[in-house]
K.L.:
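What follows is a structure written as structure tokens; I'll ask about it next.
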Protein chains: 2
Amino acid sequence: MAPRVSTTDRIHLALREAILSGELASGSLHSIYQLAERFNVSRTPVRDAVLRLADTGMLEIERNHGVRVRGLKVDDVREVFEARLLLEVPAAAFAATHADDALVTALRACLLDFAAAVATNDEAQFQRSDRQLHTMLMAAAGNTRISAMVESLRDVTQAHGVWTADQSRTLRAIQHEHEPIVDAVAARNPDAAARLMRDHLVETAVLLMQQVAKTSGEAVPDPWPGALISRARGV
Amino acid sequence: MAPRVSTTDRIHLALREAILSGELASGSLHSIYQLAERFNVSRTPVRDAVLRLADTGMLEIERNHGVRVRGLKVDDVREVFEARLLLEVPAAAFAATHADDALVTALRACLLDFAAAVATNDEAQFQRSDRQLHTMLMAAAGNTRISAMVESLRDVTQAHGVWTADQSRTLRAIQHEHEPIVDAVAARNPDAAARLMRDHLVETAVLLMQQVAKTSGEAVPDPWPGALISRARGV
DNA sequence: GACACGCATGTAGCATGCTACATATTCACC
DNA sequence: GGTGAATATGTAGCATGCTACATGCGTGTC
């Protein structure tokens with residue numbers, strides 16, 4: 001069985017994990033040559049992956065000089081979750097109005113995986129379930145570009161290193177925020193779905209900001225979500 | 001010395017224009033090698049540009065077979081403007097609450113460029129002014145990722161070919177939609193700014209959909225904006 | 001000691017060589 | 001003629017050469 005996944009994708013994933021795990025220190029400078037040697041591949045797939053990561057803002061390419069790791073700052077978390085709020089909250093409401101039974105069934109199945117992951121403290125499975133649930137809701141909104149954007153935004157923050165602290169407590173808390181969302185979708189209650197999704201994302205964002213702040217010594221923005229989100233009602 | 005532009009960026013732009021102008025027919029299959037020869041560059045920058053265009057959904061890469069042009073369908077316009085509505089309307093409201101005098105001055109200057117472009121029927125300048133105005137409003141929202149997303153969304157629809165029909169009428173109409181937005185921002189009236197931005201984007205989207213539909217023989221979705229947008233109030 | 005300048009070093013960007021593979025075509029066989 | 005396997009063709013993906021350039025360091029000058 002030939003590996004269906006391209007080398008570029010593999011390197012892309014590996015680089016992201018290396019950055020977010022702190023293996024590649026924030027602010028450090030590297031070269032395509034070094035990274036290619038590190039992963040035992042040629043420079044081409046590394047270059048492709050680096051370009052993609054630079055698009056999402058995780059790396060910064062300095063021409064003829066190297067690639068600098070941007071790490072994950074508190075402000076990055078703010079930006080990512082502001083965007084996710086603007087996109088995912090309406091999507092959740094839409095899903096609640098247009099949900100068919102198949103979607104609800106799939107969502108409920110996902111919740112079971114969730115619970116299992118929490119019970120066994122399996123963080124990788126937890127991440128997968130979380131992503132799957134959000135992805136299904138986004139898919140229901142029927143806008144592939146918005147879905148892709150949210151996926152890309154998730155990529156920036158999804159990391160083992162960031163989540164590990166205080167696992168058992170926060171994982172369970174996050175899980176418990178998902179259940180009422182699915183209930184609201186099942187009940188075809190868009191307002192509730194939107195409100196619950198909003199609360200869930202805000203909760204997650206604040207949690208992440210605090211953890212990132214702890215490791216980077218930054219301050220968490222005091223009034224968050226800020227005005228950009230509050231004003232989102234104006235659409 | 002002019003700011004250095006990479007070959008990749010140049011090809012990226014050229015390919016996008018070629019696709020949107022119809023020079024590369026929708027659905028047609030090409031190869032990196034052919035395209036490289038066409039632009040008199042090597043395959044590498046073409047490949048980079050193609051990968052980026054594939055990310056935005058304008059091209060589809062078929063492994064070991066070629067790249068297929070996806071063209072611009074009515075549904076693409078719907079998706080792009082749904083996303084822009086979700087992002088730009090809150091941003092406009094935010095800009096209205098947080099605008100400083102410098103921003104207002106810059107916006108007013110932009111309106112003058114706009115009027116000049118319309119007066120001389122200079123579509124290139126029109127596009128630049130339009131983008132500049134929207135970009136300034138987005139920048140005021142203080143979220144670089146959202147700004148980048150909107151830029152990318154604009155890229156998909158910005159094309160000479162699509163706009164050319166009925167120029168003198170539509171250009172002036174679009175220009176006149178921008179003035180009240182700037183006025184609302186200057187008056188620090190976020191609700192008005194949001195409403196006006198929404199109307200402007202919807203108007204533009206419908207216009208684009210009709211033009212795309214005319215050339216592709218598709219039907220324009222009847223009730224637009226649809227439920228995803230209507231539900232956006234729930235944030 | 002401060003500073004300007006040239007050179008060595010290392011890099012990204014671009015060009016090109018090479019390979020596995022997806023598709024189209026031919027052709028043998030029934 | 002219909003069908004399926006062998007072959008031919010062309011491609012993306014990956015590896016590797018090559019070049020202009022950004023940066024840092026040493027050297028010369030005052």
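Letters go in sequence order (proteins before strands), and every chain restarts at 1.
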K.L.:
Check the distance between D:dG13's P and B:Y33's OH and give it to me in whole angstrom.
P.N.:
18 Å
K.L.:
From CG of A:L51 over to P of C:dC14, roughly how many Å is that when rounded to an integer?
P.N.:
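Rounding to the nearest Å, CG of A:L51 and P of C:dC14 are 10 Å apart.
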K.L.:
Do any side-chain nitrogens or oxygens of B:T8 fall under 4.0 Å of OP1 or OP2 in C:dC14?
P.N.:
yes
K.L.:
Whole angstrom is fine here: how far is it from NE2 in A:H65 over to P in D:dC21?
P.N.:
17 Å
K.L.:
Pick base, sugar-phosphate or nothing for A:T44, based on heavy-atom distances below 4.0 Å to the nucleic acid.
P.N.:
base
K.L.:
What's the CG-P distance between A:D48 and D:dA15, to the nearest Å?
P.N.:
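Going from CG in A:D48 over to P in D:dA15 covers 11 Å.
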K.L.:
Look at B:R63 and D:dT11 and indicate whether a side-chain polar atom (N or O) is within less than 4.0 Å of OP1 or OP2.
P.N.:
no
K.L.:
Side chain of A:P45 only, please: which of D:dT23, C:dC14, D:dC14 is the nearest?
P.N.:
D:dC14
K.L.:
Can you tell me which nucleotide in C:dA12, C:dT16, D:dC14 comes closest to the side chain of A:I32?
P.N.:
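In terms of side-chain proximity for A:I32, the closest of C:dA12, C:dT16, D:dC14 is C:dA12.
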K.L.:
In whole angstrom, give the distance that lies between atom CG of B:D9 and atom P of C:dA12.
P.N.:
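The answer, rounded to whole Å, is 17 Å.
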K.L.:
Does the Lys NZ or Arg CZ of A:R43 fall within the cation-pi geometry relative to A:Y33 - under 6.0 Å from the ring centre and within 45° of the axis?
P.N.:
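So A:R43 does make the cation-pi contact.
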K.L.:
For residues A:D9 and A:S6, is any side-chain donor paired with an opposing acceptor at under 3.5 Å?
P.N.:
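A donor-acceptor contact under 3.5 Å links the two side chains.
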K.L.:
Rounded to whole Å, please give me the gap between CG in B:N40 and C1' in C:dA15.
P.N.:
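Atom CG in B:N40 sits about 14 Å away from atom C1' in C:dA15.
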K.L.:
Grab the CD1-C1' distance between A:I11 and D:dG13 for me, whole Å please.
P.N.:
13 Å
K.L.:
Which of parallel (below 30°), tilted (30 to 60°) and perpendicular (above 60°) describes B:H178 and B:H134?
P.N.:
perpendicular
K.L.:
With a 4.0 Å cutoff (strictly under), does any side-chain N or O of A:S31 reach OP1 or OP2 of C:dT11?
P.N.:
yes
K.L.:
Using only side-chain N and O atoms of B:Q34, determine if any of them is under 4.0 Å from OP1 or OP2 of D:dT11.
P.N.:
yes
K.L.:
Quick check: are there more than 12 heavy atoms from other residues, nucleotides or ligands sitting under 6.0 Å from CD of A:E62?
P.N.:
yes
K.L.:
Heavy atoms from C-beta onward define the side chain here; which of D:dC14, D:dT23, D:dA12 lies closest to that of B:R43?
P.N.:
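Looking only at side-chain atoms, B:R43 lies closest to D:dC14.
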K.L.:
Taking CG from B:L59 and P from D:dA12, how many angstroms apart are they, rounded to a whole number?
P.N.:
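These atoms are roughly 11 Å apart.
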K.L.:
Want to settle it: does A:R47 or B:E62 sit nearer the 5' end of DNA chain C, counting the closest nucleotide to each?
P.N.:
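By nearest-heavy-atom nucleotide position, the 5'-most residue is A:R47.
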K.L.:
If each of B:N64 and A:S42 is mapped to the nucleotide of DNA chain D with the nearest heavy atom, which maps nearer the 5' terminus, i.e. the 5' end?
P.N.:
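Upstream on the strand: B:N64.
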K.L.:
Between B:E151 and B:S147, do the side chains contain an N or O donor and an N or O acceptor separated by less than 3.5 Å?
P.N.:
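Checked: B:E151/B:S147 side chains show no N/O donor-acceptor pair below 3.5 Å.
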